[in-house]
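Chain identifiers are assigned alphabetically (A, B, ...) following the order of the sequence lines, protein sequences preceding nucleic acid strands; residue numbering begins at 1 within each chain.
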There are 2 protein chains.
Amino acid sequence: MPYTYQYPRPALTVDCVVFGYDEEELKVLLIQRDLEPFAGKWALPGGFVQVEETLDDAARRELREETGVTDLYLEQLYTFGALQRDPRERVVSVAYYALVNLFEHPVAAATDARNAAWFPADDTPPLAFDHEEILAAALKRLQGKVRYQPVGFELLPAKFTLTQLQRLYEAILETPLDKRNFRKKLLGMDLLLALDEVEQDVAHRAARLYRFDEEKYRALTEKGFNFEL
Amino acid sequence: MPYTYQYPRPALTVDCVVFGYDEEELKVLLIQRDLEPFAGKWALPGGFVQVEETLDDAARRELREETGVTDLYLEQLYTFGALQRDPRERVVSVAYYALVNLFEHPVAAATDARNAAWFPADDTPPLAFDHEEILAAALKRLQGKVRYQPVGFELLPAKFTLTQLQRLYEAILETPLDKRNFRKKLLGMDLLLALDEVEQDVAHRAARLYRFDEEKYRALTEKGFNFEL
DNA sequence: TCAAAAGTGTTAACCATACACCCATGC
DNA sequence: GCATGGGTGTATGGTTAACACTTTTGA
């Protein structure tokens with residue numbers, strides 16, 4: 001059924017940069033396109049915004065449909081509107097970035113049978129459209145954000161060790177951190193709940209597990225507290 | 001001439017939050033609507049994105065057409081896509097914020113004869129659409145940005161005194177700053193060029209004028225320098 | 001008993017903050 | 001000469017950064 005307007009309208013899409021962490025490096029979730037343009041190329045998951053859904057809803061829906069990933073931390077990144085970013089016609093895309101626990105969110109076969117897989121965030125195959133630019137912007141945003149907001153916890157299991165947390169921050173910031181200073185700072189914030197549990201099945205002394213205390217974080221944020229790694 | 005598509009498309013607009021500074025408080029540029037919906041109400045300048053112009057271009061064009069303001073610092077803020085933000089139909093709006101020198105950019109009569117005027121940024125009349133929400137987001141962004149990037153200089157004349165600069169920061173951050181510490185910090189950054197000029201026509205000792213050294217700023221930024229008020 | 005990672009304090013350098021008086025100028 | 005804002009330095013406390021060894025555990 002056709003829809004007619006008095007003036008031409010750009011198409012509107014969402015694209016999602018989904019970051020994951022596999023205890024080693026930062027990953028990004030890509031899908032392989034099976035339609036033109038760029039058939040066979042890897043790209044960010046995304047698609048057209050429907051007229052009766054919000055932008056956030058569109059991003060979540062596309063992610064679910066194309067990668068099976070649900071229930072994630074999602075935040076709007078930037079809107080890309082260059083004239084030739086899609087060779088077919090004018091397409092404006094609202095980009096989002098998301099953080100998920102890579103192990104708790106296995107990449108289900110996408111409903112429309114495209115391939116979906118995790119790639120190192122700083123070493124992807126060539127991407128379709130302007131998706132490399134979008135990915136670069138998302139990485140930069142994540143690096144900025146992580147310094148003053150405790151977003152990184154979304155990337156870890158609910159229970160984690162301080163070393164895991166430190167490795168994650170090192171992976172995101174691409175810089176080594178001092179163990180003692182890192183622990184001092186994090187523990188000093190009083191945002192981590194020490195559990196009476198240690199990690200299992202390791203070939204050395206088992207580390208204590210912690211949990212991020214969201215309650216406390218909310219309380220502190222309201223009082224004008226700043227995370228500041 | 002009608003344009004027809006296979007699926008319905010949201011309309012796409014830009015809205016601009018233009019901040020100015022009158023040596024006293026932070027102002028925002030509003031226009032008075034003369035068309036429905038919200039005829040007679042004050043609103044942010046903005047309008048429809050044309051299919052052959054980028055989002056930035058659309059923002060600049062609308063500003064020029066509606067307020068006569070050109071040649072300003074402009075940055076994308078956020079894209080607003082709530083379902084009922086426009087009562088007529090689904091409209092997604094890419095919001096921008098801009099900084100201009102209020103005195104060097106007098107508000108020309110808008111080409112389409114709407115009224116345009118400056119209002120205190122924290123005390124506007126009720127605004128059309130979700131523009132109050134957009135304004136609040138822009139204010140928050142400005143307050144965040146100003147702490148670690150020297151954006152504020154766009155709001156001042158090219159030559160300014162340190163006291164003017166301090167007042168501006170106080171207005172944006174809504175907090176008083178210590179004169180000696182402020183000067184120490186700013187001058188220590190080596191980003192201000194002291195001129196051999198002083199202000200004119202003041203009834204007390206004339207203050208030295210400074211100019212922001214963009215060259216030096218660019219050089220430092222590349223080396224990973226951080227502004228940090 | 002060895003390997004591997006956990007856990008833990010101190011010091012020195014730097015930075016942020018608080019604070020008050022004299023000076024130059026125009027009226 | 002007085003009112004107005006311009007301009008300047010120091011001392012203190014807190015924060016960050018650098019740094020190495022002992023402990024626990026499983027293999």
Query raised in the report: Which listed nucleotide (D/dA17, C/dG7, D/dG7) is nearest to the side chain of B/Arg205?
Result: D/dG7
Query raised in the report: Charged N to carboxylate O below 4.0 Å: is that the case for A/Glu24 and A/Arg167?
Result: no
Query raised in the report: What is the distance, rounded to the nearest whole Å, between atom CD of A/Gln164 and atom C1' of C/dA6?
Result: 13 Å
Query raised in the report: Can you tell me how far C1' of C/dT10 sits from CG of A/Asp178, to the nearest Å?
Result: 13 Å
**Report entry** Residue B/Arg180, side-chain heavy atoms: nucleotide from C/dG9, D/dT10, C/dC19 that is nearest
**Finding:** C/dC19
Query raised in the report: What integer distance in Å separates A/Phe182:CZ from D/dC19:C1'?
Result: 18 Å
Report task. Calculate, to the nearest 0.5 Å, the distance between atoms CG and CD1 belonging to B/Asp15 and B/Ile134 respectively. Result -> 5.0 Å
Query raised in the report: Can you tell me if the side-chain N/O atoms of A/Lys185 get under 4.0 Å from OP1 or OP2 in D/dT16?
Result: yes
Query - Candidates C/dC19, D/dG7, C/dT8 - which lies nearest the side chain of B/Asn181 - result: C/dC19
Report summary line: Atom CD of A/Glu199 and atom P of C/dA6 are separated, to the nearest Å, by 7 Å
Requested in this report: Could you tell me the separation between the CG atom of A/Leu186 and the P atom of C/dT8, rounded to a whole number of Å?
Outcome: 14 Å
Query raised in the report: Expressed in angstrom and rounded to an integer, what is the separation of A/Arg167 atom CZ from C/dA6 atom P?
Result: 7 Å
Query - C/dG7 phosphate, OP1 or OP2, under 4.0 Å from A/Arg183 side-chain N/O - result: yes
Query raised in the report: Contact class for A/Thr161 (heavy atom, under 4.0 Å): base, sugar-phosphate, or nothing?
Result: nothing
Requested in this report: Step through it carefully: locate the ring centre of A/Tyr78, locate the ring centre of A/Phe80, and say whether they are under 6.0 Å apart.
Outcome: yes
Report task. Check every atom of D/dT8, D/dG9, D/dA20 against the side chain of B/Lys179 and return the nucleotide holding the closest atom. Result -> D/dT8
**Report entry** Closest listed nucleotide, where the reference is the side chain of B/Ala203 and the choices are D/dG7, D/dC19, C/dC27
**Finding:** C/dC27
**Report entry** Earlier contact from the 5' end, DNA chain C, for B/Ala206 and A/Arg208
**Finding:** A/Arg208
Query raised in the report: Reckon A/Thr163 has a side-chain N or O less than 4.0 Å from the OP1 or OP2 of C/dA5?
Result: no
Report task. Quickly work out the A/Leu165 CG to C/dA6 P distance and round it to whole Å. Result -> 13 Å
Query raised in the report: Cut-off 3.5 Å, side chains only: do B/Asp56 and B/Tyr96 have a donor facing an acceptor?
Result: yes
Requested in this report: Compute the ring centroids of A/Tyr210 and A/Phe160, then answer whether they are less than 6.0 Å apart.
Outcome: no
Query raised in the report: Can you tell me how far C1' of C/dA6 sits from CG of A/Leu195, to the nearest Å?
Result: 16 Å
Query - B/Lys184 (side chain) and D/dT10 (base): donor-acceptor pair under 3.5 Å - result: yes
